[in-house]
Structures are given as C-alpha cells and as structure tokens.
Amino acid sequence: MIIEKIGEIESLWEFDSIFLSTEDEEICTKIKAYYGDRVSYTDQERYTIEPGKLLVDLHEEKKEGEGFRLGAEYLCTVHLLSQCCSLIASGNCGAVKEALRQNDGKYQHVYVFHL
C-alpha cells in the first residue's frame, strides 16, 4: 500500500528522495528494491514478522540491556522523519504522533493510513 501511495502522489508532491522509517525488514527490503538509491534509512534493528505475530511481540523478546540502544535508534529515526518535507505513514502510531509534534506543522503534505 505504501508503494502504491508513493506512486500515486509522486507527480503531485515534489520530492527526489524517500526517507524510510520502519522496523519491518520485509517492508524495508521491498521499498529499497522498488525505489533503489532514492531510499535512505537509518541502520536501526529490523525484524521479520511471522504471520499471526505483531512487532510488539518481538520487542518483548529482546534481551536484557538492549532497550537503551533500541530506544536511541527509534528516537533518532523519528527525529530524522520529522525533518522531512512531507510524510506518508502506515498508521497512527506513537512515532507518527511524535514526528508530527516535532515537525510543528512544517510538513508540506501529510497522509496517514487509517487501517
């Protein structure tokens, strides 16, 4: 859905590159394969999510002491996302709310899927 949405707005919104913020390894791989060098992202930990599982389930399985690093990666990624000109988000999660707060109304365009 994200790839389709980017294709739909590509001629309407002005942008040359895409900053991708996701912890889902499969989504990252697909978008990188589709858009190539136009995509950039941080080197945060990503997960392969099995059918019937949620990302939050994988976070609960993390090893003791990993929380700080994962939190720092998350905060850095959200801050970089807030510096973009426009935003397409796959859902109304805490990261989206925080990126919108940090951006303080400076996004030229915002589209949030409500699934």
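Since we're looking at a predicted model, the values are computed, not measured.
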Note to self: Membership question, hydrophobic clusters at under 4.5 Å side-chain separation (ILVMFWY): are Ile9 and Ile31 in the same one?
What the structure shows: yes

Check: Can you name the residues that form a ring pair (Phe, Tyr, Trp, His ring centres under 6.0 Å) with Tyr111, not counting sequence neighbours?
Finding: Phe113

Notebook entry, point to check: Is Leu81 reachable from Ile88 through a run of I, L, V, M, F, W or Y residues, each pair having side-chain heavy atoms under 4.5 Å apart?
Noted result: no

Item checked: Val96 with Tyr74, same ILVMFWY side-chain cluster at under 4.5 Å -> no

Checklist line | Option among Val39, Thr42, Leu87 that satisfies the side-chain contact (heavy atoms from CB on, under 4.5 Å) test with Phe19 | finding: Thr42

Margin query: Measuring only between side-chain heavy atoms, which start at C-beta, is Tyr41 closer than 4.5 Å to Ile18?
Written below: no

Next item on the list: Without swapping roles, check the side chain of Glu45 against the backbone of Glu23 for a donor-acceptor pair under 3.5 Å.
Entry: no

Notebook entry, point to check: What distance separates Lys30 NZ from Leu20 CG, expressed to the nearest 0.5 Å?
Noted result: 13.0 Å

Next item on the list: Could you verify whether a donor N or O on one side chain and an acceptor N or O on the other, from Ser21 and Thr77, lie under 3.5 Å apart?
Entry: no

Note to self: Please give me the minimum heavy-atom distance between Tyr107 and Ser82, naming the atom from each residue.
What the structure shows: OH-CA, 3.3 Å

Notebook entry, point to check: Looking at Glu10 and Arg38, does any basic side-chain N land under 4.0 Å from a carboxylate oxygen?
Noted result: yes

Notebook entry, point to check: More than 12 heavy atoms of other residues, nucleotides or ligands under 6.0 Å from CD of Gln83: is that the case?
Noted result: yes

Next item on the list: To the nearest 0.5 Å, tell me how far Ile2 CD1 sits from Asp24 CG.
Entry: 11.0 Å

Note to self: Would you compute the distance between atom NE2 of His79 and atom CG of Asn103 and round it to the nearest 0.5 angstrom?
What the structure shows: 10.5 Å

Margin query: Could you check whether any side-chain heavy atom of Thr22 comes within less than 4.5 Å of a side-chain heavy atom of Tyr47, counting everything from C-beta outward?
Written below: no

Next item on the list: Specify the closest pair of heavy atoms between Arg101 and Glu98, including all atoms of both residues, with the distance to one decimal.
Entry: NH2-OE2, 2.6 Å

Check: Any side-chain heavy-atom pair from Phe15 and Cys85 closer than 4.5 angstrom?
Finding: no

